[in-house]
Every structure is written in C-alpha cells, then in structure tokens.
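These figures come from a predicted structure and were not determined experimentally. Nothing fancy with the numbering, it's 1 onward along the sequence.
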Amino acid sequence: MNFLLMVIVTIIEVLVIYRIRFVYSRQPVGAIVLSSTIIAAFYLLAKFTINRYVRAFSFSLATIDLIFLVIMLFYMWQMNRNLKQLQKIQQTDFLLVLGNKCTSSRIPPILAERLDKAIELYKSFPVKPKIIVSGGRLKPNVAAEAELMQQYLIDAGIPAEMILSETQSRTTVQNLGFSAIKIRNIWHKDSRPRVIIVTSDYHLPRTKFYVKKLGLKVNFAAAKTVKMLMWPEMFREFTAILWYYRYSLFTILGMDILFSLSMCM
C-alpha cells in the first residue's frame with residue numbers, strides 16, 4: 001500500500017512537470033489552481049500518512065512544487081507592478097529595442113510588437129532620437145536580429161541614419177551591455193544620455209533586474225503582447241528566471257531533500 005502511494009505521487013508529479021506548461025499557456029488560472037491543489041494534497045498526505053517514507057517523499061515534492069509556484073506568482077505580480085510604474089517620457093536621446101529570437105528572415109510577431117512600439121515613440125518625440133536595435137545571429141543562414149530589425153524600421157519610414165545596429169548579443173544581458181558600450185562610444189556630451197528600453201510587457205521584470213545589476217540609469221516602454229502569445233512567453237520567462245537562480249534553487253532544494261530524509265530517521 002505504501003509503495004502504491006509513492007508510485008501514485010510520482011505519477012502525479014511527472015504529469016505536472018510534463019503538462020504544466022501546456023496548461024499554463026492556455027489556462028494560467030487553472031494551472032495555478034491545479035498546482036495549489038496538488039501541493040495541498042501532498043502536504044495532507046505527508047501529515048496524515050503513517051509510513052515515514054511516504055511522508056518524507058510527499059513532503060519533499062510538495063515543498064519543491066510550492067517553491068516553483070511562489071516564484072511564478074511573484075513574477076506575475078512583479079510584471080503587473082512594473083507595468084503600472086511605467087511613466088510617459090517627454091523626450092529621449094536613444095530608443096533601445098531588445099531583440100527576440102528570429103529563426104528565419106521574417107520578423108516574429110513579438111519582435112514586430114516591440115519595433116512598432118519603438119516607431120510609435122519615435123514619431124511622438126519632437127526631437128527624433130536614435131534607435132538602437134540589438135540582437136545577434138542565432139543561425140548561420142539567418143541574418144542577425146538587429147539587421148532584420150533595422151530593415152523593418154526602414155520599411156516603416158524611419159531614416160537609416162537614425163538607426164544603430166548591435167549585432168553581437170545573444171542574450172538579454174548582452175543586449176543591454178553591448179548597447180551600453182555603443183551608446184558610450186558615440187555620446188560626447190557632458191550630460192548623461194537619456195535612454196528608453198523598449199521590450200515586451202512580460203519581459204519587463206527580467207530586463208529591469210539586469211539593468212539594475214549592470215548599474216544603468218534608463219526608462220522603459222512596454223510593447224503589449226497579444227493574448228495568444230502572452231501566457232506561453234510568460235512561462236518561458238519563468239523558466240529563464242529559474243535558470244538564472246539555478247544555484248540558489250539547487251541549494252534550497254538540497255536543504256529540502258535533507259530535511260525530508262531526516263523525517264525517515
């Protein structure tokens with residue numbers, strides 16, 4: 001009976017891991033409710049089961065799932081908070097548009113939304129700022145993201161001399177770092193350059209975190225992501241956050257496992 005309980009708990013956990021992205025991408029509230037229900041069930045099993053091995057196993061899995069759920073909820077809260085904090089900027093010197101994965105010569109919808117937001121801002125300023133498009137080459141047979149972005153802007157009527165390309169970066173941190181170097185190399189005034197970073201709404205929390213780590217002083221503008229793509233991209237951001245904090249998570253998970261093992265003694 002105890003072995004059967006552990007098998008059932010394992011099967012449920014495997015199904016959650018395997019299908020949670022699919023469920024969250026379509027019904028995020030349902031995914032959160034489902035995860036919360038499973039966590040509560042595992043904790044109840046750990047509380048009321050007699051067998052110490054089942055208790056330790058279910059408690060450990062419940063705690064791991066709870067950590068992931070808290071991180072996801074915090075990310076969602078932070079994104080909404082960042083969007084509410086956005087301020088309308090009257091003027092800027094640079095618009096920095098962060099790239100998004102391009103697997104072909106066609107601009108993907110999310111990147112098009114960022115570029116359209118940059119075009120909207122560019123046209124709204126009386127003194128036109130330079131636009132920096134940032135993104136490197138992901139495939140040998142596909143142009144760099146920045147090159148595709150530059151052409152998109154030119155096709156939209158932005159003068160080519162107003163566009164600067166940064167084609168070396170492959171990550172968000174590199175987008176920010178390499179673009180900051182480019183701005184520093186061309187900025188010769190005594191005052192600090194005014195920069196607006198243009199990215200997607202779901203991408204704001206991680207972008208703001210990296211900006212703070214790099215010590216940059218900038219403003220932000222968020223392109224609204226269509227609902228069909230919003231939740232899948234938010235889950236991808238969640239996994240990127242987990243990867244960034246992977247060593248801290250490994251430490252916490254290790255402590256959870258050790259505590260659960262102590263329940264077996």
Side-chain angles (χ1 to χ4, degrees), residues 1-82 101 103 110 171-173 200-210 213 225 227-265:
M1 181 62 182
N2 293 323
F3 177 75
L4 180 60
L5 276 175
M6 294 182 70
V7 170
I8 292 173
V9 168
T10 302
I11 291 173
I12 292 173
E13 185 68 14
V14 170
L15 287 174
V16 169
I17 294 172
Y18 180 67
R19 299 298 291 176
I20 194 63
R21 178 169 188 165
F22 175 84
V23 177
Y24 184 89
S25 297
R26 287 153 180 79
Q27 294 291 336
V29 176
I32 291 170
V33 171
L34 176 63
S35 300
S36 302
T37 303
I38 291 172
I39 291 168
F42 284 0
Y43 274 130
L44 288 173
L45 179 61
K47 181 177 177 61
F48 293 109
T49 189
I50 298 175
N51 185 275
R52 57 186 178 179
Y53 296 106
V54 176
R55 181 168 62 247
F57 186 63
S58 56
F59 180 88
S60 178
L61 290 181
T63 303
I64 292 171
D65 291 345
L66 180 61
I67 291 169
F68 289 157
L69 179 60
V70 168
I71 293 172
M72 171 56 83
L73 291 175
F74 180 79
Y75 159 66
M76 295 172 68
W77 172 81
Q78 186 67 49
M79 185 192 72
N80 288 324
R81 181 169 177 263
N82 289 341
K101 187 177 181 180
T103 56
I110 289 175
T171 66
T172 301
V173 173
S200 302
D201 41 16
Y202 68 85
H203 195 228
L204 266 181
R206 195 155 58 97
T207 303
K208 293 190 78 169
F209 174 78
Y210 291 152
K213 294 282 284 186
T225 306
K227 188 173 292 187
M228 183 178 66
L229 299 175
M230 180 70 164
W231 299 113
E233 289 301 321
M234 284 181 66
F235 194 89
R236 191 182 71 83
E237 280 297 294
F238 163 69
T239 58
I241 292 169
L242 293 182
W243 179 253
Y244 184 85
Y245 287 106
R246 61 191 180 278
Y247 298 118
S248 298
L249 284 171
F250 287 153
T251 301
I252 294 172
L253 297 180
M255 293 171 63
D256 171 55
I257 292 172
L258 289 175
F259 181 78
S260 300
L261 289 174
S262 70
M263 299 170 67
C264 299
M265 300 177 181

Tell me the closest heavy-atom pair linking Asn82 and Pro205, and the distance in Å.
ND2-CA, 3.3 Å

Tabulate below the donor-acceptor pairs under 3.5 Å that side-chain atoms of residues 243-255 make, not counting sequence neighbours, or state none.
| residue | atom | partner | partner atom | Å |
| --- | --- | --- | --- | --- |
| Arg246 | NH1 | Trp243 | O | 2.7 |
| Thr251 | OG1 | Tyr247 | O | 3.0 |

Measuring from atom OG of Ser35 to atom CG of Leu69, what distance do you get when rounded to the nearest 0.5 angstrom?
6.0 Å

When rounded to the nearest 0.5 angstrom, what is the spacing between CD1 in Ile71 and OG1 in Thr239?
11.5 Å

Validation row: Met234, Tyr75 side chains within 4.5 angstrom (heavy atoms):
yes

I need the single residue from Val7, Val9, Val14 that forms a side-chain contact (heavy atoms from CB on, under 4.5 Å) with Ile11. Which is it?
Val7

Rounded to the nearest 0.5 Å, what separates atom CD1 in Ile38 from atom CG in Leu45?
13.0 Å

Just to verify, what does Arg206 make a salt bridge (Lys or Arg N to Asp or Glu O under 4.0 Å) with, not counting sequence neighbours?
Glu237

For Leu258, look at atom CG and say whether over 12 heavy atoms of other residues, nucleotides or ligands are found less than 6.0 Å away.
yes

Find the distance between CD1 (Ile32) and OG1 (Thr37) and round it off to the nearest 0.5 Å.
11.5 Å

Does the pair His203 and Thr225 meet the rule for a side-chain hydrogen bond (donor to acceptor under 3.5 Å, both in side chains), with working shown?
CA-CA 10 Å; His203 195 228; Thr225 306; over 6 Å; no

What's the separation between atom CE in Met79 and atom CG in Asp201, rounded to the nearest 0.5 Å?
6.0 Å

Name all residues meeting the side-chain contact (heavy atoms from CB on, under 4.5 Å) criterion together with Glu13; count only those two or more places apart in sequence or in a different chain, and write none if there are none.
Ile17, Phe42, Leu61, Asp65

Counting C-beta onward and ignoring hydrogens, is there a side-chain heavy-atom pair between Lys101 and Ile110 closer than 4.5 Å?
no

Taking all heavy atoms of Ser260 and all of Ala56, pick out the closest pair and write down the distance.
O-CB, 3.0 Å

Any Leu73 side-chain heavy atom under 4.5 Å of Trp77 side chain:
no

Partners passing ring-ring contact (aromatic ring centres under 6.0 Å, His included) against Phe59 (at least two apart in sequence or in another chain)
Tyr43, Phe259

Trace of the side chain to side chain contact (heavy atoms under 4.5 Å, CB included) decision for Phe68 with Phe238
CA-CA 9 Å; Phe68 289 157; Phe238 163 69; 4.2 Å; yes

Check Met6 against Val54 and note the closest heavy-atom contact, atom names and distance.
CG-CG2, 3.7 Å

Using side-chain heavy atoms (C-beta onward) and a distance below 4.5 Å, is Val173 in contact with Lys213?
no

Identify each donor-acceptor pair in which a side-chain atom of residues 19-31 lies under 3.5 Å from a protein atom, sequence neighbours left out, and give them as a table.
| residue | atom | partner | partner atom | Å |
| --- | --- | --- | --- | --- |
| Ser25 | OG | Arg21 | O | 2.7 |
| Arg26 | NH1 | Phe22 | O | 3.3 |

Could you tell me which non-hydrogen atom of Ile50 sits nearest to which non-hydrogen atom of Arg55, and how far apart they are?
O-NH1, 3.5 Å

Can you name the residues that form a salt bridge (Lys or Arg N to Asp or Glu O under 4.0 Å) with Arg236, not counting sequence neighbours?
Glu233

